[in-house]
Visitor: 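Quick one: the structure is below, and I'll ask about it shortly.
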Amino acid sequence: MFFLQILVNGLVVSIQVALLATSLHLIHRVAKTYLLSLSAVLVLAAYGTHVLLQLNLPLLLAMLGGIAVSALFNWLSFFLLKAYIEKDQDLLGLLVSLALGLGMEAILAMAFGSKAIFLIDTVLPTYEWAGIIITQVGFWTLICGVVIGLAAFISLHLLPLGRAIRAVQQHGECATLVGIQERKVQWMVFGVAGAMAGLMGILTSMNTALTPHAGFDFIILAFAAVLVGGVKDLRGILLGSFLLVLTPELLTSFEVAGVSISYSWYLAIVFAVATLVLLLKPQGILSLSIRKS
Amino acid sequence: MNKVFSLAVLSALLMSCAVTESAGLDLSETVKLGVIAPMSGDAAAFGEEQKHVLDYAVAQKNSEGGVQYELVYEDGQCNGPEAVTAFQKLVDVDGVDFILGGLCSSESLAIAPLLESSGVIAMSSLSSSPELANVSPNFISFSYSDSAVGIGIADELKQFETVAIITEQNDYNTALTDVVVAELEGAGVEIVYNEEFEKGETQFRSMIQELKAAGADAILFNPNLGVSAESLVRQMAEVSEWQPHLVGGIVLKMPSIIEIAPEFLEGSVAIDVDTLESPAFMAIYDEINADYGNTTNIGSFYVGATLDAFLVMTELIEEFEGNTEEMKTALRSRTFSVNTGEIFFGDQTFSQSNSTSRFVIQSGRAVKSNQ
Amino acid sequence: MNYLLTIASRLGQNLSMGVGIHTVFSLGGLFFLGFPGVMAVSAYTLAILEMAGWSSGAAFLTALLAAFLMGLFFSLLYVRISDDSFVVLSLISVVAVETLANSWSSLTNGTLGISGIARPALFPDLFSLTVGITLVAILLLMAEYVLLRTPLGRSIRAFKEGALLLSSMGISKNSIGIVLILSSSLIFSLAGIFIVWRVQVIDPSFSSLYLLIEIVTIGIIAMRPQLRYLLLATCFVVLIPELLRFLDLPSTLFGHLRSLLYSTMLIILIHLMRDKLYIHNRKV
């Protein structure tokens with residue numbers, strides 16, 4: 001039962017990371033750059049929700065407002081990064097997005113202070129089944145994760161939109177030749193990815209707490225998950241998210257060969273797992289080996 | 001581009017050369033007091049609240065006429081290297097000889113070795129690490145040592161056979177745990193679970209399950225005030241049919257923590273110095289909170305300790321006209337009658353007058369109880 | 001006086017780090033972001049050994065060795081994994097080292113860190129230390145100046161312009177990459193050691209993302225191979241934020257403003273310099 005409880009807790013966090021990793025993956029598909037400023041996007045959405053809740057809006061409306069704010073910020077990020085995307089300067093785009101994220105976090109810290117905010121003021125209500133406890137927010141996080149994951153998979157593989165995204169990913173100019181508007185697809189993906197990251201930020205902040213720098217650890221995990229899973233494959237990214245979250249959760253919760261690892265080593269374990277996987281499979285878990293020519 | 005860079009460099013160098021040479025203390029001029037505290041980062045909330053208290057104190061002092069004071073704040077960021085840079089700027093550029101700080105023990109530990117050679121006196125109101133004991137003849141702290149609270153907590157935990165410990169990775173909390181663990185091991189109490197988590201952590205659900213599974217008779221609840229403590233209480237209270245016996249320090253006394261889950265915390269024990277509750281002090285406390293800003297994180301004792309540091313510093317500056325050697329002698333030999341009681345330092349860093357009390361959470365309040 | 005010496009010392013140490021980032025990033029085009037972690041490991045090695053009673057010289061050499069070993073580790077990663085993964089893992093290593101420093105308290109004294117680190121007999125006070133780091137920075141600048149005129153220096157510049165072409169000339173891309181990572185690790189280690197000797201204290205915040213942003217900013221400004229840009233970039237990055245201390249800003253905002261300033265500077269500079277950062281985009 002203890003093992004199942006740890007697994008459920010780990011799954012909630014894995015879904016949070018997977019949502020963020022999916023956003024990173026989608027953006028990478030159309031822009032070939034890693035948008036580290038998503039760490040600011042997710043806290044911005046949560047702060048937006050908080051402000052709207054303070055104005056006595058109903059919770060769902062406040063969440064929608066927060067998601068809208070995050071989508072808008074992500075469009076702003078796209079506007080700033082357009083020049084780098086056009087010229088395939090993806091690593092410069094990564095640096096700019098890192099600086100953008102850190103700068104936005106500094107602005108949020110100045111505006112709201114460093115003190116934590118709890119979007120839900122009380123102890124969270126929980127569901128209990130066979131001794132396993134999950135918060136209601138955690139439960140809805142799992143539901144959202146499954147729904148969005150399925151929607152992403154179906155969109156990317158079965159719908160024309162997914163074909164458009166894959167076409168832009170493979171060759172933007174050729175996609176334009178066959179009538180797919182590259183810029184429009186990029187704008188749309190940035191907006192959707194921002195909204196997904198925003199939703200993840202709101203759910204996470206509800207489930208734990210909101211501080212200006214709360215997004216940074218998540219973006220590190222998500223980024224590692226994208227690489228560990230294989231940049232080109234959404235299934236790999238989901239697998240990478242689960243691997244990078246569940247491994248430290250289980251290692252820190254159980255004794256291994258009589259040795260107990262402290263929870264404070266969490267990020268060090270993530271780094272070790274990511275390094276090991278990438279050394280063994282440089283292109284990611286679910287990618288095919290690419291012959292070097 | 002070259003010219004722009006050259007101009008920028010030149011202007012920066014010129015500004016950096018604006019050093020105020022300290023040429024002896026003239027009490028007819030405004031006396032500068034340096035303050036080193038975290039104004040950014042995880043501990044910024046404490047720095048901001050201490051600023052509220054000091055701003056009140058200096059306004060009150062200046063309104064009395066006589067020697068006028070000015071506070072010069074520098075951000076220590078609750079880490080050693082930044083505190084050293086802040087110290088050097090205060091001493092060399094602002095020309096201060098008197099520092100209220102560091103706030104964090106890591107800040108105080110970093111600047112203490114520099115005080116004697118610089119001829120600077122520093123008084124902290126919140127630093128409490130046992131490593132600060134006798135660290136410098138020029139440094140004292142109006143806080144109580146973690147040793148005192150740690151021993152008090154350990155005495156409370158010694159009545160149990162098994163104990164679990166959960167600690168935030170923070171200079172104050174880790175020092176407290178070290179003292180408690182040493183005492184408990186000496187008393188033969190079994191520590192069945194001892195976990196640390198990163199500063200500012202907010203995800204505790206797996207750790208809580210481990211804690212519950214450890215089945216200890218009592219738990220040393222040792223997060224720092226702020227997001228971790230609030231998150232930990234909330235998430236522990238989510239677990240149904242589990243009401244562990246929690247023992248902790250100041251964190252369990254705080255209304256902001258108790259009000260999160262008063263039923264869950266019923267019967268928990270906090271070991272801390274007495275809350276300052278005299279009507280005169282409470283009037284000051286309320287005025288600070290109303291006119292200058294919130295001080296709920298640092299609480300009434302540390303508000304008092306901060307005011308005490310300011311009062312003693314200014315008293316000695318005026319009496320000895322800023323002569324730091326004479327101030328040091330007086331500091332070590334006198335008993336000061338201040339908000340936090342009768343304070344005597346002798347050759348110690350911490351006041352030898354502070355003792356701890358036991359508080360039990362009852363009906364949503366921390367009530368003093370000796371049993 | 002000490003404050004001026006501190007600023008001069010920081011200029012020296014940042015210039016040294018600037019040579020490191022200039023070599024690996026500006027000249028070589030290699031996005032190696034793990035240098036704060038390398039600095040922290042090296043600095044902690046020095047601090048731990050000195051507190052354990054080792055002589056400054058032995059501790060210094062062992063600290064350099066620790067940096068070299070970390071450089072070897074990153075070199076292995078570089079050779080084995082993709083460029084994107086290398087960048088990300090080197091970035092994550094900064095956070096991982098900080099976690100290690102916080103958690104391995106039996107070795108590092110945890111969050112309190114290690115204070116009272118003695119300076120070596122060669123640099124007993126801040127003045128001599130400042131002279132020392134300035135000399136080191138000048139030597140490193142001279143070394144880079146000479147390097148740029150050697151076949152190795154030309155190979156490094158060719159590595160950035162076209163790694164494939166480099167390979168077709170029989171020069172291993174991986175070898176150049178390894179040389180860049182190892183040399184920059186040693187340079188950053190040197191700077192980290194001087195920081196520890198200056199402040200005489202180290203704690204887990206030593207390895208931080210803001211240091212990374214600061215040094216990468218130097219690398220971006222100094223993207224051209226001429227060393228004068230490196231000198232100017234270092235002065236700009238170190239001195240401009242110090243000006244904030246002299247403005248009458250609310251102290252609660254100072255730290256956040258500094259972060260915002262560095263982030264904004266980096267965004268603007270990359271935007272202005274982007275065409276110079278990728279040689280194949282240069283207009284002929």
Side-chain angles (χ1 to χ4, degrees), chain A residues 28 32-34 36 80 83-84 87-111 113-114 212 216-217 220-221 223-224 226-228 231 261-272 274-275 277-284 287 290, chain C residues 29-31 33 37 73 76-77 79-89 91-105 110 209-210 212-213 216-217 219-220 250 252-253 255-271 273-275 277-278 280-281:
Chain A
H28 187 265
K32 309 244 183 343
T33 192
Y34 295 103
L36 291 183
L80 279 171
Y84 307 100
K87 295 185 180 179
D88 288 338
Q89 295 167 341
D90 45 321
L91 291 176
L92 285 182
L94 184 150
L95 280 177
V96 167
S97 68
L98 174 66
L100 187 61
L102 291 174
M104 177 48 74
E105 285 176 7
I107 291 171
L108 287 172
M110 286 191 285
S114 310
F216 187 73
D217 281 355
I220 291 287
L221 277 171
F223 209 167
V226 166
L227 294 170
V228 161
V231 158
I261 302 174
S262 170
Y263 195 74
S264 60
W265 290 74
Y266 196 99
L267 280 174
I269 296 170
V270 168
F271 175 71
T275 304
V277 168
L278 287 171
L279 281 174
L280 293 171
K281 289 217 85 182
Q283 301 300 325
S287 61
I290 295 171
Chain C
L30 185 56
F31 280 66
L33 302 179
F73 167 72
L76 172 66
L77 284 181
V79 163
R80 184 87 181 116
I81 65 181
S82 70
D83 287 349
D84 288 354
S85 301
F86 178 74
V87 172
V88 173
L89 278 185
L91 180 61
I92 299 175
S93 72
V94 175
V95 182
V97 166
E98 189 178 350
T99 301
L100 217 67
N102 263 315
S103 305
W104 203 345
S105 48
L209 277 179
Y210 294 106
L212 188 149
I213 297 273
V216 168
T217 304
I220 297 286
T252 47
L253 293 183
H256 301 309
L257 273 172
R258 198 166 58 177
S259 310
L260 186 59
L261 180 67
Y262 276 128
S263 305
T264 311
M265 259 192 333
L266 189 59
I267 292 171
I268 292 171
L269 286 166
I270 292 178
H271 186 73
M273 314 270 294
R274 66 178 187 275
D275 288 333
L277 299 177
Y278 278 81
H280 60 267
N281 284 331

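Chain letters run A, B, ... following the sequence lines, proteins first, then strands; residues in each count from 1.
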Visitor: Count the heavy-atom pairs under 4.5 Å between each of A:L80, A:L267, A:I269 and chain C, then report the option with the highest count.
Guide: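 Of the candidates given, the most pairs with chain C belong to A:L267.
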Visitor: So which heavy atom on A:M110 is nearest to which on C:L260, and how close?
Guide: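 In this case the closest contact between A:M110 and C:L260 is CE-CD2, 3.6 Å.
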Visitor: Got a second to check how far A:L278's CG is from C:L77's CG, nearest 0.5 Å?
Guide: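 It is 8.0 Å, given to the nearest 0.5 Å.
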Visitor: Go through the structure and list residues passing ring pair (Phe, Tyr, Trp, His ring centres under 6.0 Å) with A:Y266, not counting sequence neighbours.
Guide: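 If we apply the ring pair (Phe, Tyr, Trp, His ring centres under 6.0 Å) test to A:Y266, skipping adjacent residues, the hits are A:Y263.
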Visitor: Among the options C:I92, C:D83, C:N102, pick out the one with the most heavy-atom pairs lying under 4.5 Å from chain A.
Guide: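 Heavy-atom pair counts peak at C:I92.
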Visitor: Sort C:F86 into side chain, backbone, both or neither according to what part of it lies under 4.5 angstrom from a heavy atom of chain A.
Guide: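 Contact with chain A involves no heavy atom of C:F86 at all.
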Visitor: Testing the basics here: between A:F271 and C:L89, what is the closest heavy-atom pair and its distance to 0.1 Å?
Guide: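 Looking at all heavy atoms of both residues, the shortest contact is CE1-O, 3.3 Å.
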Visitor: Return the orientation label for the A:Y84 and C:H271 ring planes: parallel under 30°, perpendicular over 60°, tilted otherwise.
Guide: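 If you compare the ring of A:Y84 with that of C:H271, the planes turn out perpendicular.
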Visitor: Checking A:S262 against chain C: side chain, backbone, both or neither under 4.5 Å from a heavy atom?
Guide: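 For A:S262, there is no contact with chain C at all, as no heavy atom is under 4.5 Å.
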Visitor: Which one of A:I220, A:L279, A:V270, A:D217 has the most heavy-atom pairs closer than 4.5 Å to chain C?
Guide: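 Maximum pair count with chain C is reached by A:L279.
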Visitor: Could you list the donor-acceptor pairs under 3.5 angstrom formed by side chains in residues 91-109 of chain A, with sequence neighbours left out?
Guide:
unit_1	atom_1	unit_2	atom_2	d
A:S97	OG	A:Y34	O	3.2
A:S97	OG	A:L36	N	3.0
A:S97	OG	A:G93	O	3.3
A:S97	OG	A:L94	O	2.8
A:E105	OE1	A:H213	ND1	3.2
A:E105	OE2	A:S39	OG	3.3

Visitor: Look only at the side chain of C:T99 and the backbone of A:A268, and say whether a donor-acceptor pair between them is shorter than 3.5 Å.
Guide: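 Checked: no pair found.
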Visitor: For A:L280, which atoms come within 4.5 Å of any heavy atom of chain C: side chain, backbone, both, or neither?
Guide: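 Backbone only.
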Visitor: Below 4.5 Å from any heavy atom of chain A, which atoms of C:S85 appear? Answer side chain, backbone, both or neither.
Guide: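 Interface part for C:S85: both.
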